[in-house]
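Structure first, then comments.
In what follows, chains carry the letters A, B, and so on, assigned in the order in which the sequence lines appear, proteins first and then strands, with residues in each chain numbered from 1. Heavy atoms only: backbone and side chains are in, while hydrogens, waters and symmetry mates are out.
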Amino acid sequence: MSRSGSHSHRVRWWCLIVAVVAVWVQQVEGVWPLPQQLHQSADRDCLSPQRFSFTYGRDSAAQTGCSVLDAAFKRYFSIIFPDFTTLSENVLQYMWSEPQPFVVSVSVKTRGCDGYPDEDSDESYTLSVSEGQAVLRSVSVWGALRGLESLSQLVYQDDYGTYFINKTEIVDFPRFAFRGLLLDTSRHYLPLYAILKTLDAMAYSKLNVFHWHIVDDPSFPYQSRTFPDLSNKGAFHPFTHIYTQSDVIRVIEHARMRGIRVVPEFDSPGHTQSWGKGQPGLLTPCYKGSVPSGSFGPVDPTVDTTYKFMASLLKEVKFVFPDSYVHLGGDEVSFACWQSNPNVRKFMEKMGFGKDFTKLESFYMESIMNMTAALNKTSIVWQDVFDYHERPRSKYVVEVWKQGCYLCKMRRVTKAGLKVILAAPFYLDLPIPTHSWARYYNVRPLAFRGTDEQKKLVIGGEVAMWGEYVDATNLSPRLWPRACAAAERLWSNEEKTLNADLAFPRLKEFRCELLRRGIQAEPLFVGHCRHEYDGL
Amino acid sequence: NLCLLFFQSPVRSCLLLVVVSVCVQQVHGVWPLPQQLHQSADRGCLSPQRFSFTYGRDSAAQTGCSVLDAAFKRYFSIIFPDFTKGSGLLMCENQSNRLSVKTGGCDGYPDEDSDESYNLSVSEGQAVLRSVTVWGALRGLESFSQLVYQDDYGSYFINKTEIVDFPRFAFRGLLLDTSRHYLPLHAILKTLDAMAYSKFNVFHWHIVDDPSFPYQSRTFPDLSNKGAFHPFTHIYTQSDVMRVIEHARMRGIRVVPEFDSPGHTQSWGKGQPGLLTPCYKGGVPSGSFGPVDPTIDTTYKFMESLLKEVKFVFPDSYVHLGGDEVSFACWQSNPNVRKFMEKMGFGKDFTKLESFYMESIMNMTAALNRTSIVWQDVFDYHERIPQDTVLEIWKGEKYQAELSRMTQAGHRVLLSAPWYINHISYGQDWRNSYAVQPQNFSGTEEQKKLVIGGEVAMWGEYVDATNLTPRLWPRACAAAERLWSNEEKTLNADLAFPRLEEFRCELLRRGIQAEPLFVGHCKHEYDGL
């Protein structure tokens, strides 16, 4: 009894000190990516985990039972107070003679807690932090998730471990609706856990599309229910190196909970070597002289069975992946094998394509884009498809990936009236030194000559982590914090975020926060974080 | 079908396995490649239950030998990682591995003269490993562990093998920089594990530098109190250092500390006022500081005490004294330094001042019975330095010419310049490390012998525990093979590629977060996320 009495005495005295110190330790912490409008005052409130709560506003369309937000409350509580459980209640009780409650009230205009985020999802939110409370308002639950993320970044600890939040007003919305990240699970298999962890980190940077480049030449890890032989024979290993249907569902649900769309890519007609193993007859047999050489080229676009197969596969994809977009690939098709094959040449003649194999590819791509449209899905294709045929007969989304003058390409694509996604300057698998994160930061996606209408067709951008030299061993440090630079470019007001030097201290701090959250984010430069990575 | 047979009748499954084995025949490599390796297609199967290590009767080391007892334990788990899950259905012969060491020395430390050679002979039911020292025995155990492999059914096999092996260079180092970023103890220990797998034998601990001073000195505790990133969490205590040294010793790895001066010492100044040169602007001190002040006695007294402590804490006979990249601008600005220059007759040549300082601390080091290593700058400035000083080449251009000059002057040399693997580029840059030929410079045979080895450097500007391991491994393995193996037999990187790919998978299996070389997969992927 007497011991605890003296303790409380000492602690009260100590709290006074904190109040005095606070005047000059005053930290106003940033939010990454930078909100559209952010006003912070030096006034701050200290937060006690015991008296901190999330509630739904009275006027909120979503209430307890809303799967997405209930889970987010739980998640963000631990993110905001990571050492909550390790602090003894006694200490906390004596920290403030009267711990003040702090209530985060979340109000959502429309429901949709069980839906999926989509291209039209409204991610805007307003956040107002004042004494003892924060009010978060958004149109959709997805906007509320973005607001919770910002809120979590506003909370900080001083040197004594006390949690604080400054009075803050935020009005925020994304600059681009499509802020993607591509993972390549074909060149190397990524264990499920690596994908889920990446989704966590994406949400911290407000990236909202996981572009799953799930299959390619080297392996076919997607376990198809319609064509099980594709992974049985085309995966690196038919049991350990595959994504089962339940794995895929887990990825989609984990992403949904974080307001992230999952756009699968089934790239064809090139990049399909692994498909051929489990689907005989799909690929074009290459010829040497007048006999088959034994090797295979792209998908054979001249036979009906190909289109029947693709129709069934796409039907399954529609069934498994709820997103309204499907990526159909269409890049880097080598024509040498088609050219060698007498049946293909005959088909070219019959169709009047002459010697122009780009027409053959366009013919194929158009067919599968029509299938996709018939399934009520929007096709994304790599820019090659547009390059070969600049007068599109149907609407599709073009992804610009070729280095060089990517802005010229954006201009042409938007001039043709097509939506466009920019990936070219965001190829993160190229391991340029970390300090050149500014290279991604300095990208200006709209800096091409064109009308406002054209600019509106730029729906966003995407960081790409191709897998030639990347697997679970180096994925995270190569992604983070470099992808954050692109994330801010895609979310924030460009005018306010032009200066990489100004961004540097904020990004440095955000990287430390990623470490604290268990993301293996590599350093930007010499220095240290309070919580170093210890996941070794 | 096969699976059923396997579980229902161990005897029949064994028959099946034997039949299968004819076509599954794998002969596995050893990385780095042994000097002589003869393998036959005959193989024996190993059962964890019937596998043992013993000391040969004629061995100078017997049970109780700390280094080898620990190595037996370690390698048993490495060889049989899923031992506890093993069903033991296969009927394998006893495999007893006898190990004979000529000299004792189980409680000593590896040093520059340690004999790391060994002979390994694997035949039916037994393997015989012979070495002069326990350090050689460790190398042999590592090779042995790489010879064991599992087939698709999980059974362990080893082929009949004869190995005669010894290192090409005595000094095969790896540098970690714990000043630009702090590396948690665990990251260092894990690196030592991986070093042993590639037969690296020197951990060059670039422990302090400008950004921070994490070494907690017993003589000068303020150095880390004020110079570390954080005085409690971002330091190496004496017990941390002892753990590193002991962990390294158990793996036959030397720990060579570097206390780099007179440049690269900004963090030293925080805890040791008066040590660094005050820079001047106009006629007044600017408030900033330059290199160590080489003009005053207190500096030398401080360095002497520090080096005495270093000798006491680090058992290795080498100490790295740095001496690189000293900027002369601050010295030049300081009137006391200019006066000293005049008095000493150095004129305007500040390289003479640096040489004066380095010579003083090299003499101190010699008086403590330690061999100094210094960066090439010291030699470049002052060609006549104590003969037994080891020089380390770090500058990228024209390192062959530098090798020539240094060895001509009779110095022992370490090559690091082509192995700065903190630099990364797209693609398979391990091939660049592999192509290095450390003795390909103009000089006599005697000169070539003065190249005592080389060192992989992982500087810390952009590296901490988050990306250390995938950036080190398997890229450092390329240099490891260059430094251990016969160059004639390992010139072709294309031939090395499949071996290295396999070795990288083995590193993953051992829990080392080694990044991929190219498209592909491993049976055991990294799951340490």
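- If you run ring-ring contact (aromatic ring centres under 6.0 Å, His included) between B:Tyr236 and each of B:Tyr215, B:Phe213, B:Trp205, only B:Trp205 comes through.
- Cation-pi contact between A:Arg482 and A:Tyr440: absent, since separation from the ring centre below 6.0 Å together with deviation from the ring axis within 45° is not met.
- Between the side chains of B:Trp394 and B:Glu325, no donor-acceptor pair is found at a separation under 3.5 Å.
- When each of A:Gly527, A:Cys529, A:Pro477, A:Ala521 is checked for heavy-atom pairs under 4.5 Å with chain B, A:Gly527 comes out on top.
- In this structure, CG in B:Leu472 is found 5.5 Å from CG in B:Leu174, a value given to the nearest 0.5 Å.
- Within the 4.5 angstrom heavy-atom criterion, atoms from both the backbone and the side chain of A:Glu468 approach chain B.
- For A:Ile519, no part lies near chain B; criterion is any non-hydrogen pair under 4.5 Å.
- Looking at A:His241, the atoms closer than 4.5 Å to chain B (heavy atoms on both sides) all sit in the side chain, from C-beta outward.
- Here B:Arg504 pairs with A:Asp471 in a salt bridge; the nearest charged N to carboxylate O distance falls below 4.0 Å.
- Proximity to chain A (any heavy atom under 4.5 Å) is shown, for B:Glu515, by both the backbone and the side chain.
- Highest contact tally toward chain A, considering only B:Pro470, B:Gly520, B:Gly460, is held by B:Gly520 [criterion: heavy-atom pairs under 4.5 Å].
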